[in-house]
Trainee: 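If you scroll down you'll find the structure; I have some questions about it.
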Amino acid sequence: MSSAKEDRKEGEVVELARRRGFLWPAFEIYGGAAGFYDYGPLGALLKRHIETEWRRFYGIGEGFYEIEATTIAPKDVFEASGHLKSFADLAVVCKNCKSFFRVDDELNINKKCPGCGGELVEAGELNLMFQTRIGVSKGESAERDQKKSEGYLRPETAQGIFINFQRLIRFNRDKLPLGVIQIGKAYRNEISPRKSLIRLREFTMAEAEVFVDPREKNRHPKFDTVKDIVMKLVPGEGAEVEKSLEEAVRSGLIANEYLGYHVVKVGEFLERIGIPKDRLQFRQHRKDEMAHYARDCWDAEFLSDRYGWMEIVGVADRGDYDLSVHAAFSKVDMSVHTEVEGEAAAEKVVPHVIEPSFGIDRIFYALLESSLYNEQVGKEKRKVLRFKSEIAPIKAAVFPLLNRDVLKEKAKAVVQILRDESVFAEYDGSGSIGRRYRRQDEIGTPYCITIDYETLEDGAVTIRERDTMKQVRVPIADIKGFIAEK
RNA sequence: GCGUCGGUGGUCUAGGGGUAUGACUUGGGCCUUCCAAGCCUACUGCCCGGGUUCAAAUCCCGGUCGACGCACCA
């Protein structure tokens, strides 16, 4: 087990995921399409378990409300949000010096490179939103209708929350802070999607938008519960540091308590689902890489064997950017009349937004990679996915020790007992017992249950634990409890 | 988007102008009282389109997908 990580081969994760039904390239029979993946049976289970833990963490743990907004929105939304600003702009690249330029009034494809005078070639559209039409346009007014009918697939889930803000704040009886979460698909027409799940054209985001009175950004009510947690922080400028949250916020490295609280919480969540802390760091965006809406942004990065440090979560302080632009474009008041402790009078303020934004697919990849171990067992190798029990796709597999009808029937009966108790269990009677253990190891099933002749007499089974390969004898009635305890 | 290299059963692979090698996996059977054992048996393949040729998996062109580099990544 000690050298397991060193044994891990690059690329093996993706191969395993494909072979065992976690993840498949989409549209394979038609030649495929870059940037699209389908989740197979085990992948869909694993992904859903990640999402369930996320809902538990933010929905129940933080008391945030989940909504489900549309994935398509009319042009107005993205005109206001700023996402459309560069629509239809072409990018060009200089053949000679490889400099990259945006095509605009000053510069077009027929001109020479402003840097070196070299020839320019087209390098794609800069706006990455998928465009569509809402409704039918026909007849004489087609052109005008088409303009009205322009719609886009959302490039982030967040806008669905912002545009519902006046509804949401009323729902919350006009009180701040207010946390709203959403899990769903987002779409970006990437110029060059690559690296399996790392850059997709259709992907799943889980986002929380935390609305807070700007005067209270430095008074998070639960700050004390997390202030001593130490994180590896990489500032936008300067060297990486290990600091407690309290030190990071007091020194001004992290802008305020709310942002800091959520940075810590992101780390807590990632560890909870099984991503090792020593593979995590938080990196602050430099000014020049910040999104158009962000004031400060910290990425949670995962250290991948294959891809190096990669962003899996972003925590942004979006300030009042989104509510202000939607208020301006829609003419709907997005301010809240609130009172703040210690301030004399109630005041109308536009709330600020702290946004932890999770790339579920990337987290899925990080989890697969960091859970995969190659081990030597006797003369054989075993591949094992050490998923936490709660997120493993399949909780238990039940085997007859021998290929005999009485044992097979008993094993199938035990599977049904577990299913009736809401334990996701599977039957496997093919091949040798060792082969069946290996099969389950490779998909991360934490418990294998074996039925033997003694079971028929004493009603007890052998449970073999995935990571230790130890076996214990447990009465059938206690299986669920045994599994739950661990 | 550009450039380089590549694509052979589910996976990995040999070969390479005359429809293809081996291993593993998978299904069925025998054997087997706990960690990929053994034996028998079965299924499955040359990325797509066009061209050259008597004949293309093989050569040529285009596309597509993938890896890597550049660029992009709200």
Side-chain angles (χ1 to χ4, degrees), chain A residues 10-12 14-16 18-21 24-36 78 81-86 90-95 97-102 119-129 154-156 158-159 186 188-196 198-201 203 285 289-294 297 306 310-311 314 316 318 321-322 355 357 359 375 377-384 399-404 407 430-442 448-455 461-466 468-471 473:
Chain A
E10 292 192 354
E12 163 183 8
V14 175
E15 186 272 322
L16 173 76
R18 199 184 326 131
R19 187 163 43 83
R20 299 311 305 266
W24 294 320
F27 319 116
E28 225 178 352
I29 65 167
Y30 290 110
F36 296 96
F78 301 113
S81 72
H83 287 97
L84 202 53
K85 208 169 43 191
S86 57
L90 283 175
V92 290
V93 64
C94 171
K95 269 186 158 175
C97 68
K98 307 289 182 199
S99 303
F100 196 85
F101 302 99
R102 181 177 294 242
E119 192 189 342
L120 297 172
V121 290
E122 230 176 78
E125 250 174 29
L126 268 187
N127 194 284
L128 301 176
M129 284 197 293
R154 64 184 180 190
E156 58 173 7
Q159 297 305 323
R188 294 181 193 177
N189 200 4
E190 297 285 353
I191 293 172
S192 165
R194 263 186 208 181
K195 295 176 177 174
S196 68
I198 309 309
R199 198 185 309 170
L200 294 170
R201 288 183 164 137
F203 53 100
H285 280 204
E289 65 177 320
M290 213 98 79
H292 63 272
Y293 52 66
C297 186
R306 190 160 186 213
M310 62 186 228
E311 176 196 351
R318 296 177 75 131
Y321 175 85
D322 300 278
E355 176 199 68
S357 173
E375 297 178 0
V377 179
K379 286 182 191 156
E380 302 289 341
K381 285 229 155 114
R382 79 161 183 157
K383 275 189 181 60
V384 53
F399 313 145
L401 181 57
L402 293 171
N403 195 15
R404 301 278 180 268
L407 297 181
S430 99
S432 69
I433 193 90
R435 182 183 298 271
R436 290 177 235 159
Y437 283 145
R438 293 293 172 271
R439 259 186 216 134
Q440 297 301 327
D441 288 343
E442 205 176 54
C448 291
I449 294 164
T450 306
I451 308 300
D452 55 25
Y453 282 113
E454 276 176 59
T455 307
V461 299
T462 303
I463 300 183
R464 175 266 202 185
E465 205 271 331
R466 178 194 65 206
T468 61
M469 296 191 285
K470 295 252 165 62
Q471 303 185 344
R473 201 73 186 164

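These numbers were taken from a predicted model, which means no experiment stands behind them. The figures here come from the full heavy-atom set of this structure, side chains too, leaving out hydrogens, waters and symmetry mates. Labels below follow one simple rule: chain letters A, B, ... track the order of the sequence lines, proteins then strands, and each chain is numbered from 1.
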Trainee: For a quick check, tell me whether the side chain of E190(A) and the base of C73(B) share a donor-acceptor pair closer than 3.5 Å.
Mentor: no

Trainee: For C24(B), which nucleotide is its Watson-Crick or G-U wobble mate, given both distances must be under 3.5 Å?
Mentor: G10(B)

Trainee: Below the 4.0 Å mark, does U26(B) have OP1 or OP2 next to a side-chain nitrogen or oxygen of S430(A)?
Mentor: no

Trainee: Reckon R19(A) touches a base, only the sugar-phosphate, or nothing at all at heavy-atom distances under 4.0 Å?
Mentor: sugar-phosphate

Trainee: With P as the reference atom in both, quote the distance from G22(B) to G29(B) in angstrom, rounded to an integer.
Mentor: 26 Å

Trainee: Decide, yes or no, whether a salt bridge links E442(A) with K381(A) under the criterion of side-chain N to carboxylate O below 4.0 Å.
Mentor: no

Trainee: Could you please name the partner base of G3(B), counting Watson-Crick and G-U wobble pairs only when both distances are under 3.5 Å?
Mentor: C68(B)

Trainee: Would you mind classifying the nucleic acid contact of E442(A) as base, sugar-phosphate or nothing, using non-hydrogen atoms under 4.0 angstrom?
Mentor: base

Trainee: If you measure from the P atom in G15(B) to the same atom in A74(B), how many Å do you get, rounded?
Mentor: 45 Å

Trainee: Once you apply the 3.5 Å cut-off to both distances, tell me the Watson-Crick or G-U wobble partner of C31(B), or none.
Mentor: none

Trainee: For the pair made of CG in L16(A) and P in C12(B), what is the distance, rounded to whole Å?
Mentor: 12 Å

Trainee: Give me the distance, rounded to whole Å, that separates A14(B) from C24(B) when you measure between the C1' atoms they each carry.
Mentor: 15 Å

Trainee: Please check the phosphate of A36(B) (OP1 and OP2 only) for any side-chain N or O of R439(A) closer than 4.0 Å.
Mentor: no

Trainee: If we take the C1' atom in both G1(B) and C72(B), what is their distance in whole Å?
Mentor: 9 Å

Trainee: Between the base of C35(B) and the side chain of R464(A), is there a donor and acceptor pair under 3.5 angstrom?
Mentor: yes

Trainee: May I ask which nucleotide in the shown strands pairs with U52(B), Watson-Crick or G-U wobble, both distances under 3.5 Å?
Mentor: none

Trainee: Between E380(A) and M290(A), which residue's closest nucleotide on RNA chain B lies nearer the 5′ terminus?
Mentor: E380(A)

Trainee: Whether the S430(A) and R439(A) side chains hold a donor-acceptor pair (N or O, under 3.5 Å, no angle test) is what I'd like checked.
Mentor: yes

Trainee: What integer distance in Å separates I191(A):CD1 from C70(B):C1'?
Mentor: 13 Å

Trainee: Please report the distance, rounded to the nearest Å, between CZ in R436(A) and C1' in C34(B).
Mentor: 10 Å

Trainee: Let's see if you can work this out: which of A37(B), C34(B), A74(B) has an atom nearest to the side-chain heavy atoms of R435(A)?
Mentor: A37(B)

Trainee: In whole Å, I'd like the distance from the CD1 atom of I463(A) to the C1' atom of C35(B).
Mentor: 17 Å

Trainee: Name the closest nucleotide to the R194(A) side chain, picking from C73(B), C68(B), A74(B).
Mentor: C68(B)

Trainee: Is there a side-chain contact between H83(A) and M129(A) in this structure, where contact means two heavy atoms from C-beta onward sitting under 4.5 Å apart?
Mentor: yes

Trainee: Checking contacts here: which listed nucleotide (C34(B), C72(B), A36(B)) is nearest the side-chain heavy atoms of R199(A)?
Mentor: C72(B)

Trainee: Would you kindly give the CD1-to-C1' distance between I198(A) and G66(B), to the nearest whole Å?
Mentor: 15 Å

Trainee: Closer than 4.0 angstrom, basic N to acidic O: yes or no for R188(A) and E156(A)?
Mentor: no

Trainee: Whole angstrom is fine here: how far is it from CD in E454(A) over to P in C34(B)?
Mentor: 11 Å

Trainee: Taking only the P atom of each, what is the distance from A55(B) to G50(B) in whole angstrom?
Mentor: 15 Å

Trainee: Which residue, P155(A) or L402(A), contacts RNA chain B at a nucleotide closer to its 5' end, judged by nearest heavy atom?
Mentor: L402(A)

Trainee: Under 4.0 Å, heavy atoms only, any strand: does A33(A) hit a base, just the sugar-phosphate, or nothing?
Mentor: sugar-phosphate

Trainee: With heavy-atom distances below 4.5 Å as the criterion, would you say the side chains of V377(A) and M469(A) are in contact?
Mentor: yes

Trainee: Among the candidates C73(B), U11(B), G66(B), find the nucleotide nearest to the side-chain atoms of R188(A).
Mentor: C73(B)

Trainee: Would you classify D441(A) as touching base, sugar-phosphate or nothing, given that sugar-phosphate means primed atoms plus P, OP1 and OP2, and contacts are heavy atoms under 4.0 Å?
Mentor: nothing

Trainee: Quick one: label F399(A) by what it contacts on the DNA or RNA (base, sugar-phosphate, nothing), any heavy atom closer than 4.0 Å.
Mentor: nothing

Trainee: May I ask you to verify if any side-chain N or O of R201(A) is less than 4.0 angstrom from the OP1 or OP2 atom of C73(B)?
Mentor: no

Trainee: So, is R404(A) near the phosphate of U32(B), with a side-chain N or O under 4.0 Å from OP1 or OP2?
Mentor: yes

Trainee: Taking 4.0 angstrom as the limit, do D441(A) and R436(A) come out as a salt bridge?
Mentor: no

Trainee: Quick one: which of C68(B), C65(B), U32(B) gets closest to the side chain of A34(A)?
Mentor: C65(B)

Trainee: With a 3.5 Å cut-off and heavy atoms only, can you find an N or O donor on one side and an acceptor on the other between the side chain of T462(A) and the base of C34(B)?
Mentor: yes

Trainee: Hey, are R382(A) and E375(A) close enough for a salt bridge, meaning a charged N less than 4.0 Å from a carboxylate O?
Mentor: yes

Trainee: Is the shortest distance from a Lys or Arg side-chain nitrogen in R473(A) or D452(A) to a carboxylate oxygen in the other one below 4.0 Å?
Mentor: yes

Trainee: Taking OP1 and OP2 of A37(B), is either one under 4.0 Å from a side-chain nitrogen or oxygen of S432(A)?
Mentor: yes

Trainee: Is E15(A) touching bases, backbone alone, or none of the nucleic acid, heavy atoms closer than 4.0 Å?
Mentor: sugar-phosphate

Trainee: What's the gap between U13(B) and G7(B) when it is taken at their C1' atoms, as a whole Å value?
Mentor: 13 Å

Trainee: Between W24(A) (CH2) and G66(B) (P), how many Å, whole number?
Mentor: 18 Å

Trainee: For H292(A) and C73(B), what is the distance between atoms NE2 and P respectively, to the nearest whole Å?
Mentor: 13 Å

Trainee: C1' atom, C59(B) versus U53(B): distance in rounded Å?
Mentor: 10 Å

Trainee: Rounding to the closest angstrom, what is the interatomic distance between G17(B) and C60(B) at atom P?
Mentor: 11 Å

Trainee: On a heavy-atom basis, which atom in L128(A) and which in E190(A) lie closest, and how many Å separate them?
Mentor: CD1-OE1, 3.9 Å

